[in-house]
Amino acid sequence: MRIANHDGRAVIVVADDKGIDVERASAGAFGPAVESLYPRWDEFLAWASTAAGGAPDVVLDPELLGAPSPRPAQAIAIGLNYEEHAHETGYEVPSTLPPVFAKFASSITGPRGVVDLPPGGHTDWEVEVVAVIGRAAHRISLEEAWDHVAGVTIGQDLSERISQMAGPAPQFGLAKSYPKFSPMGPWLVTTDELDDRDDLALGCSIDGETVQDGRTSKLIYSIPRSIAALSEVVTLLPGDVVFTGTPDGVGLGRSPQRFLQPGETLRTWVAGIGEMVHTFR
Ligand code: ZN
């Protein structure tokens, strides 16, 4: 099943351009906002599996899609989670849980739009698969981890490298939390829809040139292993989002280095989920 945040309302997506409004179809039992579904995810899924056969009543406008979890209590990101990306950035390949940091929630935006580049900055791209939590998780096992994920979506962990690298230790959280630096979308996809939830192809292009092209099967800490490891410390809450790491091909690791420029178009995709399109100014 695919669930979109369309103009602030939860919609079951039945085709790329059609959906069923959750609040109307449930006569007010669920919705209207998508974030209200996650604390009742199991109950919602049980209802939605019967409602998904109904007649669509929403024409989806890509410009009106928002992040599938627009106001998570926690937005957690994992760095250096692909070996080639660790190499290109000059860090050692992690042998334990890779670095974990926060992306502040005010930086979340939807799958389309214009992002302002911080003046004087070096803004870089990082395609990632984002897992949205559907069931609270604390000290769960690897085997249990996928059961706590409502679904996955596409994310960009946009990163301003000058402020990230300034100072005695990297400022991951701050440098990745400018307004609209955490786009997500175009919708949430439950993992039963995917051919192989542990091997998703992901990538992005700038003005048509592919710059990242990876697969989640190459994650150092797989998505379920990351969720289980995070849950050893943090209580993951329904609606929380986990950016699971970016493959190689970021601008920082290129020679010469390359960063996003005004007027460029960044397309970001994950096979089986869809794509996002952002421009910069
Ligand atoms: Zn990242």
Side-chain angles (χ1 to χ4, degrees), residues 67 69 72 74-94 96-109 111 115 117-118 121-133 152-165 169-185 200-206 211-223 225-227 229-230 234 240-254 257-260 266-270 273 276 278 280:
S69 184
Q74 305 175 103
I76 299 173
I78 299 176
L80 308 178
N81 203 9
Y82 290 82
E83 193 173 327
E84 293 304 318
H85 174 62
H87 285 312
E88 73 177 347
T89 52
Y91 287 102
E92 285 189 22
V93 176
T96 55
L97 177 65
V100 173
F101 54 92
K103 279 174 81 69
F104 299 110
S106 61
S107 64
I108 291 171
T109 189
V115 180
L117 296 166
H122 283 172
T123 299
D124 207 344
W125 53 89
E126 293 193 359
V127 57
E128 313 208 359
V129 172
V130 173
V132 181
I133 301 298
V152 289
T153 191
I154 310 170
Q156 262 291 349
D157 178 15
L158 294 173
S159 305
E160 198 291 290
R161 301 301 191 191
I162 294 176
S163 56
Q164 182 181 330
M165 300 306 181
Q171 290 274 21
F172 286 120
L174 207 53
K176 293 162 176 272
S177 294
Y178 287 88
K180 301 187 179 176
F181 267 36
S182 305
M184 283 181 271
L200 301 172
L202 72 168
C204 63
S205 68
I206 300 170
V211 288
Q212 288 188 283
D213 184 10
R215 304 194 74 91
T216 59
S217 51
K218 293 194 170 175
L219 280 162
I220 297 169
Y221 265 55
S222 69
I223 295 174
R225 193 176 174 205
S226 296
I227 302 274
L230 289 171
V234 177
D240 281 359
V241 296
V242 179
F243 283 71
T244 58
T246 198
D248 61 305
V250 301
L252 179 71
R254 288 169 182 265
Q257 291 184 336
R258 176 177 176 182
F259 301 104
L260 289 162
L266 178 66
R267 279 181 189 272
T268 310
W269 64 84
V270 176
I273 301 178
M276 307 197 292
H278 296 93
F280 297 85

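Values below: every heavy atom of this structure, side chains too, minus hydrogens, waters and symmetry copies. Each ligand, and each atom within it, is numbered from 1 in the order the structure gives.
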ask   = Does S205 have any side-chain contact (heavy atoms from CB on, under 4.5 Å) partners at least two apart in sequence or in another chain, and if so, which?
value = T210, R267, W269
request  = Would you check, one step at a time, whether the test side chain to side chain contact (heavy atoms under 4.5 Å, CB included) holds for T246 with D157?
outcome  = CA-CA 8 Å; T246 198; D157 178 15; over 6 Å; no
note = So the salt bridge (Lys or Arg N to Asp or Glu O under 4.0 Å) pairs with at least one residue in residues 122-131 (sequence neighbours excluded) are D124-R161, E126-R161, E126-K176
query = Is it the case that E84 and H87 place a side-chain donor and acceptor less than 3.5 Å from each other?
reply = no
task = Please indicate how many protein N/O/S atoms are found closer than 2.8 Å to the Zn ion (ligand 1), with waters neither displayed nor included.
result = 3
task = On the 0 to 90° scale, with breaks at 30° and 60°, tag the F259-H122 ring pair as parallel, tilted or perpendicular.
result = parallel
query = What pairs with Y221 under ring pair (Phe, Tyr, Trp, His ring centres under 6.0 Å), at least two apart in sequence or on another chain?
reply = none
